[in-house]
Amino acid sequence: MDAALRDRLGALVGTRNALFSPGDLRSYGYDASIERALPDLVLVPASAEEVAAIVTACCAASVPFIARGAGPGLAGGATAARGGVGGRS
């Protein structure tokens, strides 16, 4: 992910709610399945409007968006198989 997109997405939720350090990303690289894959960025939106803006920006940039709740799934649905942006509720 290029820095300009990361900065633009981070501005949507505020820098405190944009996680991209290796340690932060590691926590979002798995769910209860055996799948492991790190996202490029994790955003913590505070509203439905922020989620909509994130999804719109990701779509425009052809960057995968992975919605994530608590991560208890057994199918790997909360992992970023091709990188992209993880959104935490």
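Values reported hereafter were calculated over all heavy atoms of this structure, with side chains retained and with hydrogens, waters and symmetry mates removed.
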Per-pair distances, 0.1 Å, donor-acceptor, side chain in residues 15-27, under 3.5 Å, sequence neighbours excluded:
| from | atom 1 | to | atom 2 | distance (Å) |
| --- | --- | --- | --- | --- |
| Asn17 | ND2 | Val13 | O | 3.1 |
| Ser21 | OG | Asp24 | N | 3.3 |
| Ser21 | OG | Asp24 | OD2 | 3.1 |

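Note on residues 45-56: pairs passing side-chain hydrogen bond (donor to acceptor under 3.5 Å, both in side chains), not counting sequence neighbours, are Ser47-Glu49.
Shown here are the side-chain contact (heavy atoms from CB on, under 4.5 Å) partners of Ala11, two or more places apart in sequence or in another chain: there are none. Ala61 pairs by the side-chain contact (heavy atoms from CB on, under 4.5 Å) definition with Leu5, Val63, not counting sequence neighbours. For Ala53, the side-chain contact (heavy atoms from CB on, under 4.5 Å) test picks out Leu12, with sequence neighbours left out.
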